[in-house]
Amino acid sequence: MSSLHYKPLSQDDGDEEQQFDVAPRVQNRHKRLLFHILAVAAVMYVSFLGVRAISRSSKMRMGKPCHGAHRNLSSLPSHYTLPSGHKIPSVALGVWKAEKDQVGDAVKTALKAGYKHIDGAWVYRNEAEVGQALRDSGVPRDQVWLTSKLWNTFHAPEDVEAALDISLQALGTEYLDLYLIHWPIAFKKGSDNVLDEELTANPYPTWKKLEELVDKGKIRNIGVSNFNIPRLRNLTANPLKYKPAVNQVELNFWNPQPELVKWAKENDLVLEAYSPLGSNNQVKETLNVPEVQAIAKELGITPAQAIISWHVQRGTVVLPKSVTPSRVVENLHVVKLPEDLFNKLEAAAAAHPPKRVVNPSKGWGLSFDIFNDVPKA
Ligand SMILES: NC(=O)c1ccc[n+]([C@@H]2O[C@H](COP(=O)([O-])OP(=O)(O)OC[C@H]3O[C@@H](n4cnc5c(N)ncnc54)[C@H](OP(=O)(O)O)[C@@H]3O)[C@@H](O)[C@H]2O)c1
């Protein structure tokens with residue numbers, strides 16, 4: 001067995017010094033001690049800074065907002081209660097334009113991160129992938145809020161149930177938590193651009209069919225999308241069994257619609273904010289808005305989290321879409337913005353002329369603007 005030979009440094013040093021004078025030895029020891037204390041203190045300080053930086057950046061990566069040094073941030077509602085008594089989660093993953101080969105991973109990432117709400121539609125052409133991801137995730141069906149939407153071609157009462165069944169089958173579920181009339185525009189049977197003027201002016205026959213499907217247990221809540229106030233009034237003037245529980249509309253920094261937000265609150269209607277980040281076209285500009293940047297900086301959150309929080313604080317459900325795993329996780333975490341910062345952002349959003357990101361009126365060859373039109377029925 002070989003033995004290791006080493007020289008205990010401090011002892012030897014001391015012994016050597018002993019042969020000469022004791023006073024310089026004591027002075028040297030003090031100096032070394034002082035040096036060691038300073039070195040240890042410096043190492044501890046640098047470590048503290050490092051740990052703090054790592055923890056901040058990992059919190060941001062994990063999507064957990066890092067609370068600002070000067071502000072105590074509280075939480076926002078995790079859900080709203082609809083007239084049916086069902087609780088709709090306030091943040092959903094939107095899946096429009098989420099490609100078939102990406103949407104499954106996005107849904108699985110979202111469910112793992114804690115999302116409890118997926119906003120889809122028949123026309124997004126990815127319901128089968130969404131359903132598969134839901135099953136793969138192992139999350140029980142009743143723990144996830146699933147929304148789908150009735151497309152414009154299927155408004156004729158005799159077509160509504162078959163359209164719903166296609167979505168149910170693709171999603172692999174027996175029921176939807178929410179089914180919306182996607183647009184207040186009905187196309188004639190079999191066409192995707194010939195307007196059915198009668199059903200567009202008066203969607204009550206379509207609505208009555210949806211009410212029946214609620215009673216049949218295939219849908220838990222029904223609502224509308226892209227309806228303006230006159231269209232909502234037009235529909236609710238009928239003897240409805242179930243009032244629209246939500247209206248899903250474009251709400252973002254560029255098109256904040258404060259009047260509609262106020263009207264919806266007064267009329268017990270939950271709004272869902274679609275294209276909340278400004279959609280693909282405007283997301284960069286949204287995240288660079290000075291007020292959004294200022295909130296993010298002050299609170300130690302990301303600009304996307306600042307905007308998504310603003311939506312929930314306005315009292316709306318918010319539907320950010322992402323297929324980027326880190327963003328999916330980031331977007332779930334909302335915090336209550338301090339009143340002054342919230343008000344500044346609200347004022348900035350209302351300070352410019354509203355500009356929509358989504359308006360298919362021209363693309364569908366309509367002679368009117370869907371959002372400004374007042375139904376004649
Ligand atoms: N009812 C309707 O008529 C209607 C109309 C439009 C939308 N919607 C619903 O609303 C959902 C959202 O609307 P949207 O898809 O138009 O737009 P959005 O959610 O406002 O924006 C989506 C864009 O933002 C990017 N993004 C997401 N999170 C981000 C983050 N944290 N940082 C930076 N970029 C980020 C996405 O990129 P990546 O995906 O590449 O990450 C994508 O390009 C839709 O998916 C759909 O469910 C409904």
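One-based numbering, in listed order, for ligands and for the atoms of each.
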The residue among Trp364, Phe227, Phe154 that forms ring pair (Phe, Tyr, Trp, His ring centres under 6.0 Å) with Trp183 is Trp364
Any Lys/Arg nitrogen of Asp119 or Lys149 sitting under 4.0 Å from an Asp/Glu carboxylate oxygen of the other? yes
Ligand 1 and Gly278, any nitrogen or oxygen pair closer than 3.5 angstrom? yes
Counting heavy atoms under 4.0 Å, the part of Val283 that contacts ligand 1 is side chain
Glu250 and Ser275 have their tightest heavy-atom pair at CG-CB, 4.5 Å
Carboxylate-amine/guanidinium proximity below 4.0 Å for Lys209 and Glu212: yes
message: Check Asp165 with Lys218, please: is the shortest side-chain N to carboxylate O separation under 4.0 Å?
response: yes
Identify whether the distance between the nearest side-chain nitrogen and carboxylate oxygen of Asp177 and Lys87 falls below 4.0 Å.
no
If you scan protein heavy atoms around atom 4 (C) of ligand 1, the nearest is Tyr274 CD2, 3.3 Å
The atoms of ligand 1 lying under 4.0 Å from a heavy atom of Val323, numbered in the order shown, are 38 (P), 39 (O), 41 (O)
For atom 23 (C) of ligand 1, the closest protein heavy atom turns out to be Asn280 OD1, 3.7 Å
Q: May I ask you to say whether Asp196 pairs ionically with Lys189, meaning some side-chain N is under 4.0 Å from a carboxylate O?
A: no
Short version for Thr302: what comes under 4.0 Å of ligand 1, heavy atoms counted, is neither
Quiz item: Gln248: heavy atom below 4.0 Å from ligand 1, yes or no?
Solution: yes
Does ligand 1 have an atom that lies less than 4.0 angstrom from a heavy atom of Thr286?
no
In this structure, atom 29 (C) of ligand 1 is nearest to the protein heavy atom Arg327 CD, 3.5 Å
Open item on the list: For Lys241, is there an ion pair with Asp215 - N to carboxylate O distance below 4.0 angstrom?
Closed with: yes
Contact region, Val95 to ligand 1, non-hydrogen atoms below 4.0 Å, reads backbone
A student checking ligand 1 against His182 at a 4.0 Å heavy-atom cut-off should list atoms 1 (N), 2 (C), 3 (O)
Closest to atom 12 (C) of ligand 1 among protein heavy atoms sits Leu319 O, 2.9 Å
Verify whether the ring centers belonging to Phe253 and His352 lie closer than 6.0 Å. yes
Check: of Ser326, Ala304, Ser279, Ser225, min heavy-atom distance to atom 18 (P) of ligand 1 comes from Ser279
Given the ring of Tyr175, does Arg141 sit roughly above its face, with NZ or CZ under 6.0 Å from the centre of the six-membered ring and within 45° of the axis?
yes
If you compare Gln282, Lys321, Lys149, Glu330 by their heavy atoms, the one closest to atom 25 (C) of ligand 1 turns out to be Lys321
closest protein heavy atom to atom 45 (O) of ligand 1 is Trp96 N, 2.9 Å
- request: Compute the shortest N/O to N/O distance between Pro320 and ligand 1 and return yes if it is under 3.5 Å, no if not.
  value: no
With heavy atoms and a 4.0 Å threshold, my read on which part of Leu180 contacts ligand 1 is neither
